[in-house]
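First comes the structure, then the notes that go with it.
By convention in this document, chain letters (A, B, ...) are assigned in the order of the sequence lines, proteins followed by strands, and residues within each chain are numbered from 1.
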There are 2 protein chains.
Amino acid sequence: MSDRPVRRKPGQPTASQANSLVGAVLTLDVIRFGYRIGYLAQLFTGPLYRELSERHDIGRQEWVVLFCSAYFEKLTAQEIGQMSGRAKANVSRAVNKLVRMGLLKREPNLADARSTQISLTRKGRAVFDQTLKPFVEREAEMLSVLTVDEVSQLDILLAKLTNRADRWDAPY
Amino acid sequence: MSDRPVRRKPGQPTASQANSLVGAVLTLDVIRFGYRIGYLAQLFTGPLYRELSERHDIGRQEWVVLFCSAYFEKLTAQEIGQMSGRAKANVSRAVNKLVRMGLLKREPNLADARSTQISLTRKGRAVFDQTLKPFVEREAEMLSVLTVDEVSQLDILLAKLTNRADRWDAPY
DNA sequence: AAAATCTAGTTTCATATGGAACCAAGTACG
DNA sequence: CGTACTTGGTTCCATATGAAACTAGATTTT
């Protein structure tokens with residue numbers, strides 16, 4: 001690791017310098033996996049969330065709720081919390097905001113008056129479809145350094161890591 | 001939540017059939033990779049950060065700084081920011097806190113008086129070694145569902161994803 | 001069926017965080 | 001040199017967040 005000041009042309013981004021430092025950390029022999037997974041996750045979502053909040057005033061929490069709602073016709077706030085691992089206060093706030101924005105609608109839950117059935121409005125579906133695209137594209141970019149074979153290897157490995165029988169992945 | 005209509009790939013478990021709602025989401029066909037990587041990252045660090053802040057009053061930002069400092073003898077705050085992807089305000093606060101706690105020390109940077117050389121104190125080293133253990137152990141648990149072969153596959157894949165020539169992973 | 005218990009969701013509070021303003025030191029250029 | 005501009009780091013501010021208190025509806029117990 002260099003201990004001298006960074007030297008570069010004015011106006012140029014510090015990307016190359018940053019990258020070498022990142023690379024140095026990422027080849028360490030301790031917590032290689034945990035560190036790199038976290039690094040990837042942050043890098044993947046970072047620019048996406050930024051754009052999302054600038055363009056649509058939708059934050060991380062709101063996006064998660066939107067995502068879940070888009071794939072299950074009707075959900076309660078609790079179910080969203082369970083499947084996303086978010087604290088229920090955040091889910092509550094996110095749902096309320098999305099309802100105010102007209103992207104979600106609530107219907108009374110006949111089975112239990114404490115909770116409500118949450119579902120996407122037509123507008124919510126449209127916004128979701130629109131906002132999903134950058135995620136899909138960025139994922140493709142992220143994976144673009146892998147061969148088709150490697151992608152399916154990764155798919156299998158991720159499936160094993162996230163879909164396990166023990167309780168390693170218990171909610172904490 | 002038994003027979004709710006669900007949009008999913010044919011043959012995949014429904015929310016109710018999966019052992020958890022998380023499982024149901026994780027088998028979706030969109031952003032499979034991004035979502036699961038983020039999910040894994042969150043799950044890996046979640047309990048660790050909680051314990052860290054309870055036991056040592058060290059938060060996420062402080063831990064990152066500690067980790068970087070433990071692997072490079074001398075660093076500037078800027079370098080830490082670059083290699084961890086954290087905002088400089090957070091690095092600044094974290095460094096200051098760790099200095100107050102006696103875990104880091106600052107030495108003047110002879111080459112540039114604006115920045116200082118940051119390094120671990122003996123105490124900082126001791127605390128780091130102690131706090132690293134749970135991370136190592138939890139990583140081992142996380143990987144325990146993989147065979148030795150699969151772990152090295154994953155290692156290669158992660159290396160490719162994080163150590164690339166293009167600018168996908170440029171700081172944002 | 002009244003009392004105690006539990007659960008879904010909301011609100012409150014204290015802290016964490018990112019972005020921009022800011023300050024001091026370094027560099028470029030006349 | 002002197003002025004303009006860049007850069008490392010800190011501080012300020014507005015927002016995001018998690019944990020716990022709280023409310024109202026549901027369930028259990030006797």
Check ion pair A/Arg36-B/Asp155 (N to O, under 4.0 angstrom):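 Yes, charged N to carboxylate O under 4.0 Å.
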Under 4.0 Å, heavy atoms only, any strand: does [X] hit a base, just the sugar-phosphate, or nothing?
| X | answer |
| --- | --- |
| A/Ser115 | sugar-phosphate |
| A/Ala113 | sugar-phosphate |
| A/Asn109 | nothing |
| A/Arg106 | sugar-phosphate |
| B/Ala89 | base |

Which nucleotide in C/dG9, D/dA26, D/dG9 has an atom nearest any side-chain atom of B/Gln78: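 Of C/dG9, D/dA26, D/dG9, D/dG9 is nearest to the side chain of B/Gln78.
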Closest to the B/Lys88 side chain, choosing from D/dT10, C/dG19, D/dG25: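 Nearest listed nucleotide: D/dT10.
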[X] [atom1] to [N] [atom2]: how many Å, rounded?
| X | N | atom1 | atom2 | answer |
| --- | --- | --- | --- | --- |
| B/Gln42 | D/dT17 | CD | C1' | 12 Å |
| A/Trp63 | D/dA16 | CH2 | C1' | 19 Å |
| A/Glu79 | C/dT7 | CD | C1' | 14 Å |
| A/Glu54 | D/dA16 | CD | P | 13 Å |
| A/Asp112 | C/dT7 | CG | P | 12 Å |
| A/Ile80 | C/dA8 | CD1 | C1' | 13 Å |
| A/Arg100 | C/dT10 | CZ | P | 11 Å |
| B/Tyr49 | D/dA19 | OH | P | 15 Å |

B/Phe44 ring center near A/Phe33 ring center (under 6.0 Å):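 For B/Phe44 and A/Phe33, the ring centres are not under 6.0 Å apart.
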Ring centres under 6.0 angstrom apart (A/Phe67, A/Tyr71):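 Distance test on ring centres: under 6.0 Å, yes.
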With A/Leu75, the side-chain contact (heavy atoms from CB on, under 4.5 Å) member among A/Gln82, A/Met83, A/Gln117: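 Going through A/Gln82, A/Met83, A/Gln117 one by one, the side-chain contact (heavy atoms from CB on, under 4.5 Å) with A/Leu75 is satisfied by A/Met83 alone.
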Donor/acceptor link under 3.5 angstrom from B/Arg93 side chain onto base of C/dT15: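 It does not, because no donor-acceptor pair links the side chain of B/Arg93 to the base of C/dT15 below 3.5 Å.
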Under 4.0 angstrom between B/Ser92 side-chain N/O and D/dT10 OP1 or OP2: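 Answer is yes, contact under 4.0 Å.
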OP1 or OP2 of C/dG19 under 4.0 Å from side-chain N/O of A/Arg50: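 Answer is yes, contact under 4.0 Å.
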Heavy atoms of other groups near A/Arg55 CZ, more than 12 under 6.0 Å: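 Incorrect, the count does not exceed 12.
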Which residue lies more 5' along DNA chain C, comparing B/Leu110 with B/Ala87 via nearest heavy atoms: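 Taking each residue's closest nucleotide, the earlier one in sequence belongs to B/Ala87.
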Which residue lies more 5' along DNA chain D, comparing B/Arg114 with A/Arg60 via nearest heavy atoms: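 Comparing both residues, the 5'-ward one is B/Arg114.
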